[in-house]
Amino acid sequence: MELFEQIRRDRDREGLSIRALAERHGVHRRAVRQALASPLVPARRSPLGRPAPKLGAYRPLIDAWLEADRAAPRKQRHTAKRIHRRLVDEYGADVAETTVRDYVRRRRREMGWAVGEVFVAQVHDLGVEAQVDWGEAQVDLAGVRTTVHLFFMRASFSGAAFCQASLVETQQAFLELHVEAFEWFGGVFEQIRFDNLTSAVKKVLRGRRRVETDSFVALRSHYLFASQFTTPGIEGAHEKGGVEGEVGRFRRNHLVPVPAVATLAELNALILAGCEADFARRVDGRQVTVGEAWAQERPLLRALPTERFDATETAAPRVDAKSLVTVRQNRYSVPVALAGLRVSARIGARQIQISHGGAVIASHERLHGRFCTSAQLDHYLELLARKPGGFERSLALAQERERGAWPDAFDELWVALTERYGRSEAARQMVDVLMLCREHGPDHVVLAVRGVLAAGAHDGRAVAVLAHRAQQTKTTPAPLSGLQARLAEHARPTPDLASYDQLLRRLEGSHDA
């Protein structure tokens, strides 16, 4: 534009010829004529497509393949890349892949193929709708590469999303995670959109009608939300595009690199922290953050019911001679005092809770598979105190080490005790040290063990002394306040000693007599 302006100015002021203007400004005479004709630079014309002579002989063949694709399954049709590969491998064609791509794109449009799907922009009211979906991710769980299932519930208006991981994608996990999602959001959406997953739908009928599972109907009745199901197939995925995109976005932002965790609970704590961190992000095209939009949406949700929906199942197993109960073909430990008794088990998708006499006595992460065992060392301490020889090779200790819950300081102390007292007494003292964890907590006991090792006082009783001292140091007396008022509550009248003096005088008189 500036060049055109200068050419027009020189012609107006100096009356230079087109040739002179071209020489002065170093341009072609055609450009000078364009500048004198209009102050606006003319739009550049798009270059005409090249004839692509190397492709010419193969164009009828490509057209035939594309026409045959009309009758082929949708997922087994030719892509431009596959067409190029066949031309090279089967016909020895010397043609560039970009040339094939350009031709295939143009021919598909000319043949009436749907080149790309077009979507309608949507708006969502505050607090009205959420979308639910499952996804998958890879994690290193206790040192083993594991596929976990990710449950998502996403608020359509704000984009706030809840996510948790499960080892299985069962109906029970589906129901339990709905309960956790509602509690995390602090309310219930009026409507939730689902695809046609079997946890909720037994049969797909014509249109939007569905035959739903009894458990899903019970969940919906408890929280009083309305459910809407998408069209079956890939087309239905676009009807809940918000949560479909959320699965990949969350995985890329919070699960890369592949997280390494010891337990599923640790993984879910990591995931929940990612959900809360996403409140600070900004969705494309919006002026406010997700957290600011959620602050507007949150007060409009339906209040949670007073009682929590219970998706657990129950069982009443008997404790065997190894202090284990069998639930769904897997075994879980309980305190040894309950051996031979029948207990109650509440079976969740991710946790098994065992009770006796109305009190919870054990809680385990649920095992999936068959003939697996989950043993907790604390359940066997009373037995190991009487049979210390079984401590070193116990399954509970081995699993404690696998979970990373056995500190290195305990092994150092065990070695030192063995050298000083022998294997049996060392094991007995280690059991006493573990029992201290019940009273003082494992963190205080570990610190006490490290203190004993540093001092060279290799004795279980020394650990107990340090643990008690640390507990006393931690507990500080409450400061004295309002002392006068507190003393006044215990005020008593001054004692009168006149009667006592009279008694003394009488005693003195009797002695004189």
Side-chain angles (χ1 to χ4, degrees), residues 141-144 146-149 164-177 179-180 199 213-215 261-268 308-406 431 434-435 437-438:
L141 185 60
V144 178
T146 307
T147 298
V148 296
H149 303 273
Q164 286 286 265
S166 172
L167 292 176
V168 291
E169 194 176 316
T170 61
Q171 184 187 61
Q172 191 176 36
F174 177 74
L175 299 176
E176 286 186 4
L177 289 166
V179 176
E180 294 185 20
S199 297
T213 64
D214 293 341
S215 298
V261 293
T263 63
L264 187 65
E266 182 182 347
L267 172 64
N268 278 325
R308 198 173 193 256
F309 181 79
D310 188 4
T312 60
E313 301 173 4
T314 59
R318 188 180 297 277
V319 184
D320 64 17
K322 294 182 179 179
S323 197
L324 298 169
V325 297
T326 301
V327 179
R328 300 293 188 269
Q329 296 184 301
N330 292 306
R331 300 194 298 174
Y332 304 88
S333 67
V334 298
V336 294
L338 299 173
L341 301 180
R342 194 171 291 278
V343 294
S344 300
R346 300 190 69 83
I347 309 164
R350 293 176 293 169
Q351 190 176 53
I352 300 288
Q353 199 172 72
I354 303 169
S355 305
H356 181 72
V360 177
I361 55 172
S363 183
H364 296 262
E365 281 194 10
R366 181 174 176 177
L367 301 173
H368 297 281
R370 302 170 63 192
F371 313 126
C372 302
T373 302
S374 174
Q376 296 180 7
L377 188 56
D378 183 72
H379 294 159
Y380 295 91
L381 294 182
E382 286 79 7
L383 179 62
L384 292 173
R386 293 185 286 109
K387 299 180 177 181
F391 187 18
E392 187 174 358
R393 299 294 181 182
S394 65
L395 174 64
L397 176 60
Q399 292 191 351
E400 198 88 356
R401 294 184 189 277
E402 290 175 4
R403 289 192 292 265
W406 182 260
V431 172
L434 292 176
M435 284 187 172
C437 296
R438 297 177 177 177

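Counting begins at 1 with the first residue of the sequence.
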* Asked: Is the side chain of Arg318 donor-acceptor paired with the backbone N or O of Thr326 at a distance under 3.5 Å, no angle test?
  -> no

* **Distance-only donor-acceptor check, side chains Thr312 and Arg346, under 3.5 Å** => yes

* Which atoms form the tightest heavy-atom contact between Ala339 and Asp320, and what is the distance? -> CB-O, 3.9 Å

* Asked: Any donor-acceptor pair under 3.5 Å linking the side chain of Asn330 with the backbone of Phe371?
  -> yes

* Structure fact -> In terms of heavy-atom contacts, Gly390 and Leu384 come closest through C-CD2, 3.9 Å

* Under the side chain to side chain contact (heavy atoms under 4.5 Å, CB included) criterion, do Leu167 and Leu141 qualify, and how do the steps go? -> CA-CA 10 Å; Leu167 292 176; Leu141 185 60; 3.9 Å; yes

* Report yes if some heavy atom in the side chain of Leu434 is under 4.5 Å from a heavy atom in the side chain of Leu377; otherwise report no. => yes

* Asked: Atom CZ in Arg350, atom OG1 in Thr170: separation rounded to 0.5 Å?
  -> 10.0 Å

* To do: Mark yes or no for whether Ser323, through its side chain, and Val334, through its backbone, hold a donor-acceptor pair below 3.5 Å.
  => yes

* To do: Give a yes or no answer on whether the side chain of Ser394 reaches the backbone of Leu397 with a donor-acceptor pair at less than 3.5 Å.
  => yes

* Stepwise side chain to side chain contact (heavy atoms under 4.5 Å, CB included) test for Gln351 and His364 -> CA-CA 6 Å; Gln351 190 176 53; His364 296 262; over 6 Å; no

* Atom of Arg342, atom of Ala316 and distance for their closest heavy-atom approach -> NH1-O, 2.6 Å

* Structure fact -> Between the CD atom in Glu176 and the CZ atom in Arg308, the distance rounded to the nearest 0.5 Å is 8.0 Å

* Mark yes or no for whether Gln172, through its side chain, and Ile347, through its backbone, hold a donor-acceptor pair below 3.5 Å. => yes

* To do: Evaluate side chain to side chain contact (heavy atoms under 4.5 Å, CB included) for Thr314 paired with Ser344, printing each intermediate quantity in order.
  => CA-CA 7 Å; Thr314 59; Ser344 300; over 6 Å; no

* **OG on Ser166 to CG on Leu264, rounded to 0.5 Å** => 7.0 Å

* Decide yes or no for Glu313 and Arg328: does some side-chain heavy atom of the first lie under 4.5 Å from some side-chain heavy atom of the second? => yes

* How many angstroms lie between atom CG of Asn268 and atom CD of Gln164, to the nearest 0.5 angstrom? -> 3.5 Å

* Provide the closest heavy-atom pair for Pro317 versus Val325 in the form atom of the first, atom of the second, distance. => CG-CB, 3.9 Å

* To do: State the CG-CG distance between Leu395 and Leu324, to the nearest 0.5 angstrom.
  => 8.0 Å

* Asked: Looking only at heavy atoms, what is the nearest atom pair of Lys322 and Tyr380, with distance?
  -> O-OH, 2.9 Å

* Asked: Is a side-chain donor or acceptor of His379 paired with a backbone partner of Ala362 at a separation under 3.5 angstrom?
  -> no

* What is the distance from atom CD of Gln329 to atom CG of Leu367, rounded to the nearest 0.5 Å? -> 12.5 Å

* Asked: Hey, does the side chain of Thr263 reach the backbone of Glu266 with a donor-acceptor pair shorter than 3.5 angstrom?
  -> yes

* Is there a donor in the side chain of Arg366 and an acceptor in the side chain of Gln353, or the other way round, less than 3.5 Å apart? -> no

* Can you name the nearest heavy-atom pair linking Ala262 to Arg403, along with the distance? -> CB-O, 3.9 Å

* Using a 4.5 Å cut-off on heavy atoms from C-beta on, say whether the side chain of Ile354 contacts that of Ser363. => no

* To do: Say whether Ser374 and Glu365, considering side chains only, have a donor N or O and an acceptor N or O under 3.5 Å apart.
  => no

* To do: Considering only NZ, NE, NH1 and NH2 on the basic side and carboxylate oxygens on the acidic side, decide whether Lys387 and Glu392 come within less than 4.0 Å.
  => no

